[in-house]
Amino acid sequence: MSRPAVLVDAFGRRHTDLRISVTDRCNLRCTYCMPAEAIFRPREELLAYEEIARVAAVAAGLGAHTIRLTGGEPLLRRDLAALVALLVAVPGIDEVAVTTNGLLLAEQAHDLAAAGLRRLNVSLDSLREDVFERIARRRGLDRVLAGLAAARRAGFAEIRINAVSIRGLTEDEIVPLARFCRREGFHLRFIEFMPLDAEDAWDRSRVLSGADVRAILEREIGPLVAETAGDPGQPAVDYRWADGGRVGFINPVTRPFCDRCDRLRLTADGQFRNCLFSTTEWDVKRLLRGDGTDAEIAALLRECVAAKKAAHGIDTPEFARPARAMYQIGG
Ligand code: SAM
Ligand code: SF4
């Protein structure tokens with residue numbers, strides 16, 4: 001299908017992936033994302049499903065064709081499956097995915113699959129309840145595992161597990177997670193810790209690089225072979241073990257993929273962002289709740305794309321953290 005290529009920035013990057021946060025609320029309090037005591041946006045500030053679907057339709061008209069729903073914890077939004085159904089029906093959108101912590105998946109996996117959701121990313125950093133709790137400040141491992149089993153029963157073809165790597169915290173979780181995912185057929189991806197935590201505890205020395213994680217896996221499990229690059233927009237580098245199983249690495253800190261970035265973001269309270277690390281936002285809620293036209297929404301999105309910087313610049317002296325943390329932006 002030929003698609004319009006309108007969302008091209010000053011560096012020639014074409015934007016086709018829209019990440020939509022549906023809430024800033026969460027039932028965990030991961031230390032790398034949220035503060036222990038979080039204050040959430042009032043509900044009326046969150047975009048309604050119809051408003052989100054309208055933005056998605058405008059973005060699709062400009063060439064976006066994949067949507068990822070995230071948060072906060074997206075499964076906390078009432079009847080998320082209804083939003084999935086609305087988005088799957090948007091002309092030009094050919095894939096809708098959800099990133100979840102999995103706590104509510106056992107209850108919702110079936111309805112999400114029935115609504116047309118095909119891809120599921122489940123975040124899981126440890127298979128030990130005490131470590132899970134130390135990271136997430138809440139218990140919940142059993143529920144995540146039950147959620148994964150339910151997702152499998154609901155027929156999700158590919159289930160990805162995302163695990164954040166933090167030096168001094170997650171090293172001992174790497175091998176058990178990899179063995180579990182190999183056995184269960186889940187596609188595991190390790191993500192480097194980014195400076196987006198709410199308590200400003202990020203420090204370069206706490207980044208456990210993808211290369212370091214890979215070295216641990218090769219030492220403990222066996223040699224990994226790089227897979228030929230698939231989708232060039234994909235930030236992950238995927239590997240295979242000769243005797244089966246895949247593992248991937250998303251290395252935004254040590255191997256930035258900004259030059260291939262195809263992502264745009266819509267926050268739960270209706271702000272466009274052109275980067276996780278953007279310090280500027282474009283207020284689409286004002287248009288949605290005023291009498292803004294679709295043409296005005298499209299113009300705002302193009303303005304947001306046109307202002308995108310070449311790179312996030314985490315390692316540069318000018319780098320400034322965004323005012324909002326991961327749970328408020330949408331990871
Ligand atoms: N609550 C859902 C979940 O945890 O999957 C969706 C939102 S969460 C913000 C999306 C992803 O961002 C999760 O995989 C989480 O581990 C990751 N994440 C959060 N804070 C991060 C950070 N500072 N660095 C790297 N990844 C982070
Ligand atoms: Fe919640 Fe996801 Fe952030 Fe953890 S990473 S606090 S589950 S939004």
Side-chain angles (χ1 to χ4, degrees), residues 19-41 68-77 80 97-105 108 112 119-126 131-141 143-144 147-148 151 159-167 169-170 173 177 186-204 206-210 213 235-236 248-257 263 265-268 273 275-277 312 314 321-322 324-331:
R19 311 247 150 174
I20 301 175
S21 173
V22 296
T23 181
D24 56 350
R25 279 161 208 273
C26 192
N27 40 11
L28 296 180
R29 294 287 182 277
C30 304
T31 51
Y32 49 67
C33 176
M34 282 184 104
E37 307 290 336
I39 298 169
F40 300 113
R41 299 256 155 189
R68 321 272 148 176
L69 299 177
T70 181
E73 174 45 40
L75 272 53
L76 284 175
R77 263 304 278 260
L80 187 72
V98 167
T99 298
T100 171
N101 63 28
L103 257 70
L104 297 170
L105 203 47
Q108 298 186 31
L112 288 168
R119 268 182 187 274
L120 206 50
N121 296 326
V122 179
S123 304
L124 178 61
D125 304 319
S126 174
V131 180
F132 184 101
E133 190 175 356
R134 198 180 322 142
I135 294 173
R137 300 189 182 107
R138 299 275 193 281
R139 296 177 72 80
L141 176 62
R143 290 168 70 191
V144 180
L148 285 169
I159 300 173
R160 286 195 184 148
I161 309 278
N162 293 334
V164 178
S165 304
I166 302 184
R167 192 173 295 285
L169 183 65
T170 64
E173 313 314 306
L177 267 178
F186 298 133
H187 185 174
L188 175 61
R189 279 179 168 171
F190 291 97
I191 308 175
E192 290 175 347
F193 181 26
M194 293 182 275
L196 289 168
D197 57 308
E199 290 170 337
D200 210 359
W202 185 89
D203 184 86
R204 192 69 168 72
R206 301 198 63 205
V207 177
L208 178 61
S209 72
V213 175
F249 303 91
I250 303 178
N251 304 334
V253 181
T254 62
R255 303 282 300 271
F257 37 85
R263 298 172 178 187
R265 293 170 192 277
L266 174 64
T267 66
R273 297 175 65 91
C275 177
L276 266 178
F277 297 96
H312 58 50
I314 289 175
R321 289 177 55 125
R324 304 220 256 177
M326 190 66 125
Y327 73 105
Q328 299 164 313
I329 298 171

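Both ligands and their constituent atoms are indexed starting at 1 by order of listing. Starting from 1, each residue takes its place in the sequence as its number. Scope of the values below: all heavy atoms of this structure, side chains included, with no hydrogens, waters or symmetry mates.
- Because the distance cut-off is set at 2.8 Å, C26 qualifies as a neighbour of atom 1 (Fe) of ligand 2 through one of its N, O or S atoms.
- Checking side-chain atoms of R137 against main-chain N and O of M34 turns up a donor-acceptor pair under 3.5 Å.
- Nearest protein heavy-atom neighbour of atom 3 (Fe) of ligand 2: C33 SG, 2.4 Å.
- Within 6.0 Å of atom CZ in R204, more than 12 heavy atoms from other residues, nucleotides or ligands are found, so the atom counts as buried in its surroundings.
- Residue, atom and distance of the protein heavy atom nearest to atom 4 (Fe) of ligand 2 are C30 SG, 2.3 Å.
- Within ligand 2, the atoms closer than 4.0 Å to a non-hydrogen atom of M34 are 6 (S), numbered from 1 in the order shown.
- Checked by atom type and distance alone, the side chain of R68 never pairs as donor or acceptor with a backbone atom of S21 at under 3.5 Å.
- Evaluated by nearest non-hydrogen atom to atom 26 (N) of ligand 1, the leading choice among V164, D24, I161 is V164.
- Distance alone, capped at 3.5 Å, is enough to place a donor-acceptor pair between the R321 side chain and the D197 backbone.
- At a 3.5 angstrom cut-off on N or O pairs, N121 does not count as close to ligand 1.
- Close contacts of ligand 2 with G72, meaning ligand atoms under 4.0 Å from a residue heavy atom, involve 8 (S).
- Here the closest non-hydrogen pair linking A236 and I250 is CB-CG1, 3.7 Å.
- For atom 5 (O) of ligand 1, the nearest non-hydrogen atom of the protein is S123 OG, 2.5 Å.
- Residue G330 places every heavy atom at 4.0 Å or more from ligand 1.
- Side chain to side chain, E192 and S165 fail the donor-acceptor criterion of an N or O pair below 3.5 Å.
- Using a 4.0 angstrom heavy-atom cutoff, Y327 does not count as in contact with ligand 1.
- The aromatic rings of F190 and F249 sit parallel, their planes meeting at an angle under 30°, below the 60° perpendicular limit.
- Considering both main-chain and side-chain atoms, P74 never comes within under 3.5 Å of ligand 1 through any nitrogen or oxygen pair.
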